[in-house]
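Okay, structure first, notes after.
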Amino acid sequence: MSGDGLRHATEGRIDRGTVLRFRFDGTAYSGHPGDTLASALLANGVRRIGTSVRLGRPRGVMSAGSEEPTGVVQLEAPFPDPMRPATMVELHDGLVASSLSGRGRLADRPDPARYDAVHAHCDMLVVGAGPAGLAAASLAVRSGARVILADERPEVGGASPDTEGDDWFDRAGARVLTRTTVFGYYDDNYLVAVERRTDHLGAAAPGNLARERIWRIRAGQVVLATGAHERPIAFAGNDLPGVMLADSARTYLHRYGVLVGRRAVVFTINDSGYRVVADLAAAGVEIAALVDPREATGGTVGGQVGGRYGGHVVVAAHGDDAHGHDVLSTVDIEPVGGGPTVRVDADALLVSGGWSPVLHLYSQSGGRLRYDEVVGAFLPDGCRQAVTVAGAARGLTSTTACLVDGVDAARQALTALGITPVDWSPPSVGAGAEGPPPATAAPGGVPDLRFVPAEDYSTHFVDFQRDVTVADVLRATGAGLRSVEHVKRYTTAGTAHDQGKTSGLLTSAVVGQALDAGIAELGHTTFRPPYTPVSFAALAGRDRGQLYDPVRVTAIHDWHVRHGARFEDVGQWRRSWYYPAEGEGLAEAVRRECVAARTGVAFMDASTLGKIEVQGPDAGRFLDRLYTNVMSTLAVGAIRYGVMCGLDGMVFDDGTVARLAPDRFLLTTTTGNAGPVLDWMEEWLQTEWPDLAAWCTSVTDQWATVAVVGPRSRDVLARLAPGLAVDAATFPFMTWRDTVVAGLPARVCRISFSGELAYEVNVAWWHGLALWEAVYEAGAPYGITPYGTETMHVLRAEKGYPIVGQDTDGTVTPQDLGMAWVVSKKKADFIGKRSFARSDTARPDRKHLVGLLPEDPTLLLPEGVHVVDPACLAGGRLPEPPVPMLGHVTSSYRSAALDRTFALALVAGGRDRIGDRLYAPLDDGRLVPVTVAGPVLYDPEGARRDG
Amino acid sequence: MAEPLETTIRSPLAGWTPHPLTGIRLAELPFRTQVNLRLPAKGPAADAVGLELGVPLPVEPGTTAGSGELSVLWLGPDEWLVVGSPGADLAARLAARRGAGVSVVDTSALRTTVLVAGPRARDLLAHGCALDLHPTRFPTGRCAQTLLAHAQIVLVAVDDGTSGAEPAYHLLVRSSFANYLADWLEDAAVEYR
């Protein structure tokens, strides 16, 4: 169809003085500011927008809003965006779009746009800025409430600009969010919306503005003025481009100055179709026929009509050879109940099957819906949340009624908030302000015609996007399905991007007819967020890349970066993994670092260890209950290793406890477990032992900790702390001293996680870097070497020290780890004690932590690999699955000190297998022999800890 | 803490020079003395601590009490954070009052403070803070333990003296999270440049 003359000379809110260029399917077109892509295409005579996904049928634009089922396009420029309703794409210069069949395509390059989110609070959130919403917001603003008014359109005023509200709505008094779709309604009046902020600016969009913004809104009261969606009617060919929802034609005329056709047939079952006739006729559209199944009694119609067909229905829409079969050319009309067919030429068929109040958000909020026989649709029927529905969303039809209802809803909501509503009503309410509809031709209620009876229902569409027809629904009921939810899933009706906004009731009606049940009885399918599709980019917002998750760093982090450390993430912490020298990889660097720690001196940043101070007269008793061993007997100045178990007796965390004073203890936890351990302690204190006078305070970030490790560590410390007696007799293992190190107030602990002579020096966080640099300088004569977590792991594994979470997995007891000594036999009770009396925790075949030595000393076992008993092998091969497994490797390293590879493993009855040969099946099919050893492979007599 | 050693002390955000913004001022207020207090809200211990501080412990949830440079933040039914100027000897003074059933922990280096002030301060914080910071709901003198984006903070609405009637907030953030918080604030503020 040529576009000539489809743009009205004066109607619409477009800027005719400015021309915007755009392309669709490779062809250049023009439009104006104020257009949508849909209105601009219609103005250019483009009817076919895409191809249906299953049946390959031509599809055009059916509506003028976000309910659009068919006019869905792929945006190509400025940036690819799949499946956007052309009715919601604001035209801008340089827009490029193409037609779709079903799915769209995501961009094949990263999206450069910003997306962000904002929290907002208000007394009253008004959703929808049509007459009811504007009136509600206006009263609330005038009454002094904090108001947010959100609407998905670019300007306030509603579907048809019958009411602008410009003269009486105080924008400044409210936060007005246009281009904003409230898409989710959750508990406690928490609603989520997406604002499209820059798309309408095209290439001119400033890069520092978020393209889309998620609004997380907490509202005291919500007024839903979400309007109503017009429904189609199912008849043969009701999906043909040129068939549209009737009132959309008015929107295209009044908002965009676009005539949807030159010669139209209007098919309506309710009075709203008559105002379409009136407005289009006045704008110069020839109304070829007005079809109404209700018996015409001869009222007036506001416009010239070619043929009046009371008591008739449209039975079919067709294309023809002259105009092509992918657009509408003729309409077949028959009397209700059958009779002679009249064929009428038309390029637009405007259908009104009645109106469905938009209650998606209301339903999401927990609101009940009730089918109203008079309105012919579902209406709100009560909700536990603080929400009021106003205007067309509860079935009202006239502008005046909606304005009055908006004021009433706001008054009710304000009163509930304790805000006194002022006495105000919109000035346009009164005599003469009543808009359409005009006089009707047919008195009486709305007939419940949803689909036109026929022999063949294969082109009576109920879901235009999913290509679901009346025939498909009847096939579902024929297969025995009775619930609308089941029919939805069987046919896919209502599961497309539009969630069946326009057609959901049609499906129910067909099911109802087939089962001889009422719609009220069948109910409706569930409305779920989001109301309209929301991009993952918007939901992700700024939580991506560097900001996806906090990166916690120590006070010494910058030094590690400057010295070329490689990092690994441990929980949220970024820790130094190893420090490669020129040309070194992981293995070489770790070997060098290990050698330094075992033969000279090395140092690491241990600030990430969790630290908790426990104070109070009952602190000792509290720790006795938490740990498996006794802490209350610890002397002030001493340190003890401890293990915490869960109620099940399984290891939960380990660390050290230092007694700072009779009623003060300092605990360390594993790096990743600091939060859970504090929560665990607080839970027991608050819920089980509130009688204990003990308090826990996290001090993890208070302290920077530098571990100085190796036979020469004492020399380094002596240089830095001249006032500290560092000899082993005066400062023994597992004690601490408050002193001055490198001029900084410090607490030095003689703790070792490597088996070597070692000190952990703690200073205030803000002194951490100074301490580290002083240690580096003082250790230089001894070749002090920084090391990271990998070397720490190797050193501790050589000594058989387990890492909770690596060598344990929540099914391992202290006894399984070979640490029966850490479980007190004397204490009356502690968390986990009862579980150690269970027969299961005493089974001899429990998995024990043992060492594994591959017979090939260069072979590094993969962590996680299983080990099997040679007895199960048949001819040197694994038996058919299931293969009986003895356990698995939990840690595996190359050891410089042992000059070979080694591993730790959890092996069934492992301590009874020491010296046995087992096999490890590798991914490449090899079965490699390994020898079971005790877990302590280096310095088992502990000779090195005093240097 | 002992007196900071000026030559060696380094705050968590020492390297941060906030980008100039329209309507928002960002700055680190480092080294403020902070002492975590745990004790029963009522009783002789609370009275003694109040006398030592010169201000009674606030018992209304989410409120602060202050006198001069000193402010006491309510963190929980039996927990307060006493905040003073850098180098203040609060910890020692309160530790002397420790006695039976009072926990006093110096946490001065545990957190640093970020100032967010200016007419658009609330807009900036709204990007990551779920609380309603409107002056009718969170006036000067209110505090809360909350999240800003993914970082735990203690948020305090303050009168910072320099901004007159402008909103001003202190964000007390753990030292290890400070860089993340600063990066997040800078990124959130891109729109206000």
Side-chain angles (χ1 to χ4, degrees), chain A residues 114 116-122 146 206-210 216 218 541-543 546-555 557-558 572-573 607-608 613-617 619 663-664 693-704 742-745 763-771 773-774, chain B residues 1-2 4-5 7-12 14-15 30-31 34 36-40 78-79 98 100-112 123 125-134 136-137 149-152 173-181 183-184 187-188 190-193:
Chain A
R114 269 178 76 79
D116 71 6
V118 167
H119 295 274
H121 303 261
C122 58
R146 291 167 70 194
N208 69 331
L209 292 193
R216 308 186 194 283
R218 190 73 72 170
R542 296 165 52 232
D543 290 337
Q546 184 72 14
L547 298 178
Y548 174 69
D549 195 39
V551 174
R552 299 178 72 179
V553 295
T554 72
H557 184 74
D558 290 350
Q572 290 177 317
W573 288 98
S607 308
T608 61
E613 188 160 333
V614 182
Q615 290 191 12
D663 60 348
R664 281 181 74 192
W695 284 281
C696 309
T697 306
S698 167
V699 288
T700 300
D701 302 41
Q702 169 72 15
W703 301 99
L744 308 168
V763 295
W765 185 275
W766 53 47
H767 290 147
L769 184 60
L771 172 69
E773 288 179 330
Chain B
M1 286 312 300
L5 305 179
T7 51
T8 52
I9 194 165
R10 184 181 157 86
S11 73
F31 309 128
Q34 296 159 65
N36 189 278
L37 279 180
R38 304 289 300 266
L39 68 155
D78 63 355
E79 185 171 13
R98 209 152 61 83
V102 179
S103 163
V104 179
V105 180
D106 184 354
T107 55
S108 301
L110 182 80
R111 298 186 188 92
T112 190
D123 292 338
L125 294 177
H127 285 285
C129 175
L131 298 180
D132 187 357
L133 301 183
H134 193 271
T136 57
R137 303 293 171 95
H150 302 293
Q152 259 185 40
V173 62
R174 279 179 175 258
S175 298
S176 61
F177 280 95
N179 277 289
Y180 162 79
L181 191 84
D183 288 348
W184 186 91
D187 183 71
V190 162
E191 188 159 325
Y192 309 107
R193 285 185 180 174

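Reckoned from all heavy atoms, side chains included, excluding hydrogens, waters and symmetry mates. Lettering of chains follows the sequences in order, A, B, ..., and the numbering in each one begins at 1.
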So, the part of A/Val699 with a heavy atom under 4.5 Å from chain B: the answer is both
We want to know whether A/Ser698 and B/Arg174 form a side-chain donor-acceptor pair, criterion being a heavy-atom distance below 3.5 angstrom. yes
Between atom CG of A/Leu744 and atom OG1 of B/Thr8, what is the distance when rounded to the nearest 0.5 Å? 5.0 Å
Calculate, to the nearest 0.5 Å, the distance between atoms CZ and CD belonging to B/Phe177 and A/Gln572 respectively. 4.5 Å
Please report the C-alpha distance between A/Arg542 and B/Trp184 in whole Å, then the side-chain angles of each, then the deciding distance to 0.1 Å, and finally whether the side chain to side chain contact (heavy atoms under 4.5 Å, CB included) criterion is met. CA-CA 9 Å; A/Arg542 296 165 52 232; B/Trp184 186 91; 3.2 Å; yes
Cut-off 4.5 Å, heavy atoms of chain B, and the answer for A/Thr554 is neither
Of the listed A/Ala693, A/Pro550, A/Gly207, the one with the largest count of heavy-atom pairs under 4.5 Å with chain B is A/Pro550
Out of A/Asp549, A/Val551, A/Asp543, A/Leu769, return the one with the most heavy atom pairs under 4.5 angstrom to chain B. A/Asp543
Identify which part of A/Thr608 has an atom lying under 4.5 Å from any heavy atom of chain B, answering side chain, backbone, both or neither. neither
Side chains of A/Trp695 and B/Asp78: any donor to acceptor distance under 3.5 Å? yes
Working note: B/Thr112 + A/Trp765, criterion side chain to side chain contact (heavy atoms under 4.5 Å, CB included); need CA distance, chi angles, decisive distance, verdict. CA-CA 10 Å; B/Thr112 190; A/Trp765 185 275; over 6 Å; no
Partner chain A: residue of B/Ser11, B/Pro12, B/Ala14, B/Cys129 with the largest heavy-atom pair count (under 4.5 Å): B/Cys129
Chain B contact via A/Arg664 - side chain, backbone, both or neither, heavy atoms under 4.5 Å: side chain
Side chain from CB out, backbone as N, CA, C, O: work out which of these in A/Ser607 comes under 4.5 Å of a heavy atom of chain B, or both, or neither. neither
How many angstroms lie between OG in B/Ser175 and CH2 in A/Trp766, if you round to the nearest 0.5 Å? 8.5 Å
Could you tell me if A/His119 and B/Asp132 have a donor-acceptor pair between their side chains, going purely by distance under 3.5 Å? no
A/Arg114, A/Glu613, A/Glu773: which one forms the most heavy-atom pairs within less than 4.5 Å of chain B? A/Arg114
